[in-house]
Amino acid sequence: QRAWRSKFKNYKAPARYTILKLADKFNRTGSVDNLNGKNRKISQKRKDAKIVLEGVVSEKHDLSINEAAQVAGISRELARMVLKEDLNLKPYKLHQYHELKPSDPAKRLDFCIWFKGLPKITAMRLICSDEAYFCLTEPVNKQNNRLWLSTRPSGGVERPLYDQKLLVWYAMSSERIYGPYYFEGTVNQDSYISMLRCYFWPKVLREEYKKYYFQQDGASSHTAKKVQNYLRSKFGEKFIDKKRWPPRSPDLNPCDFYLWGYLKSKVYNPLPNSLDELKMNIEREIKNISKDDLKRVFFNFEKRCDLLIQAKGGHIEE
């Protein structure tokens, strides 16, 4: 206590009992840290279970705790303790990736190498576009949504057999968001080019459009010959056409890896009662995306290009 008071004058010294308790712990364990019971004697049953599960897990990584308990002939709780505390294993979720065809990695790699070879400012001059459906009924996340109750609920969640939905188009750059534009029904080449001519191009034309690159994915309405020719006539060499943009690459499109997920996590609060209310919610949340957010998204786009080059065109975990 005297040593504490001389060194830490502004702090109250620990009580004598606390000092004696810490000294006793150090004499017994060689540490003053809380060892969380790891110095306790382990039962033979737990040791045997560890040997069994270590061998099983090395061959079957997707073993559930219930399966582990059955294999080792122990309780579920003991199986959990052996897997997490004794074998130091963690339960990771299995990632699901979009399917790539054999020729896709080379095309993805070629695009990223080409893009990284452009001037550094290019990512800040890129306009990316896409469409997505928004259902009127809020989607249920079966993995994360839980009901904390004392007894099992008897009911469930009713969902309409044919839900009302919106088909929404947006384009985004590091400086602004273009949209929304709502398509009536499905999109074909005629409705898409009409949107480009009457809605999108007048907005871009008011800016320094010659500095922008324009991207769209490989949907059939986008790759139609007259659509490609129209965009090529407007953006010239800065139009990323169907030959340049790699197929099956939502991990490179900011609308896919950022915008749609962000919007769908926000637009159902409050819950819309009609498609008009859903539109209001979408437009409200778009206004909440700041210019700093947009810049971070396109910095992320550059980072993804680097990661994809490292992965040689394969999947990137981001």
Side-chain angles (χ1 to χ4, degrees), residues 93-101 127-149 151-172 176-200 203 215-224 227 245 247-289 293-294 297 315 318:
K93 291 182 179 179
L94 190 64
H95 285 282
Q96 294 187 20
Y97 299 105
H98 52 280
E99 182 182 9
L100 293 178
K101 293 187 176 180
I127 300 175
C128 294
S129 64
D130 198 14
E131 304 97 11
Y133 281 104
F134 284 75
C135 293
L136 180 60
T137 306
E138 182 181 14
V140 176
N141 188 327
K142 294 181 180 180
Q143 179 64 27
N144 295 327
N145 288 9
R146 294 290 183 268
L147 298 174
W148 295 94
L149 302 170
T151 58
R152 183 181 180 86
S154 58
V157 178
E158 287 190 350
R159 297 188 60 82
L161 185 60
Y162 301 105
D163 199 4
Q164 299 181 69
K165 58 187 177 181
L166 295 171
L167 181 54
V168 187
W169 177 92
Y170 270 111
M172 60 188 298
R176 63 169 292 186
I177 292 179
Y178 306 84
Y181 184 90
Y182 303 103
F183 285 102
E184 297 295 332
T186 58
V187 184
N188 55 38
Q189 58 179 315
D190 295 323
S191 59
Y192 185 70
I193 201 169
S194 175
M195 180 276 296
L196 292 174
R197 285 174 174 162
C198 302
Y199 179 80
F200 174 59
K203 293 180 179 293
Q215 174 275 341
Q216 57 182 11
D217 64 19
S220 58
S221 58
H222 301 170
T223 57
V227 173
W245 181 256
R248 288 166 288 279
S249 296
D251 51 350
L252 284 177
N253 189 340
C255 293
D256 282 308
F257 70 72
Y258 168 72
L259 184 62
W260 302 136
Y262 169 81
L263 286 179
K264 290 181 179 181
S265 70
K266 299 288 186 179
V267 298
Y268 296 102
N269 184 21
L271 287 172
N273 295 313
S274 66
L275 292 182
D276 287 337
E277 289 186 12
L278 179 57
K279 289 179 181 180
M280 291 173 58
N281 289 1
I282 291 172
E283 290 160 22
R284 179 199 68 215
E285 293 303 329
I286 281 293
K287 293 178 182 178
N288 290 334
I289 299 176
D293 292 331
L294 293 176
V297 169
H315 293 294
E318 181 65 25

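Going from atom OG of Ser220 over to atom OH of Tyr192 covers 11.5 Å, rounded to the nearest 0.5 Å. The CG atom of Leu263 sits 10.5 Å away from the CZ atom of Arg284 when rounded to the nearest 0.5 Å. Residue Glu283 holds its CD atom at 9.5 Å from CG of Leu278, rounded to the nearest 0.5 Å. Annotation: the span from Asp217 atom CG to Ser129 atom OG amounts to 7.0 Å, rounded to 0.5 Å. Distance CZ/Phe134 to CD1/Ile282: 5.0 Å, rounded to 0.5 Å. The distance from atom OG of Ser249 to atom NE2 of His315, rounded to the nearest 0.5 Å, is 9.5 Å.
With sequence neighbours left out, Arg197 forms a salt bridge (Lys or Arg N to Asp or Glu O under 4.0 Å) with no residue at all. Looking at residues two or more places apart in sequence or on another chain, you find no salt bridge (Lys or Arg N to Asp or Glu O under 4.0 Å) involving Asp163. For Tyr133, the ring pair (Phe, Tyr, Trp, His ring centres under 6.0 Å) criterion is met by no residue, not counting sequence neighbours. For Ile289, the side-chain contact (heavy atoms from CB on, under 4.5 Å) partners at least two apart in sequence or on another chain are Ile177, Tyr258, Leu259, Tyr262, Ile286, Asp293, Leu294.
Applying the side chain to side chain donor-acceptor pair (under 3.5 Å) rule to pairs touching residues 267-280 yields nothing, sequence neighbours excluded. Every pair passing salt bridge (Lys or Arg N to Asp or Glu O under 4.0 Å) that includes a residue from residues 251-271 is listed here, sequence neighbours excluded: Arg108-Asp251.
Proximity of the aromatic rings of Phe200 and Tyr178 is defined here by a centroid distance below 6.0 angstrom, and this criterion is met.
Scanning all heavy atoms of the two residues, the minimum distance from Asn281 to Pro270 falls at ND2-O, 2.9 Å. For the pair Tyr170 and Gly179, the tightest heavy-atom approach, listed with the atom from each and the gap, is CE2-C, 3.3 Å.
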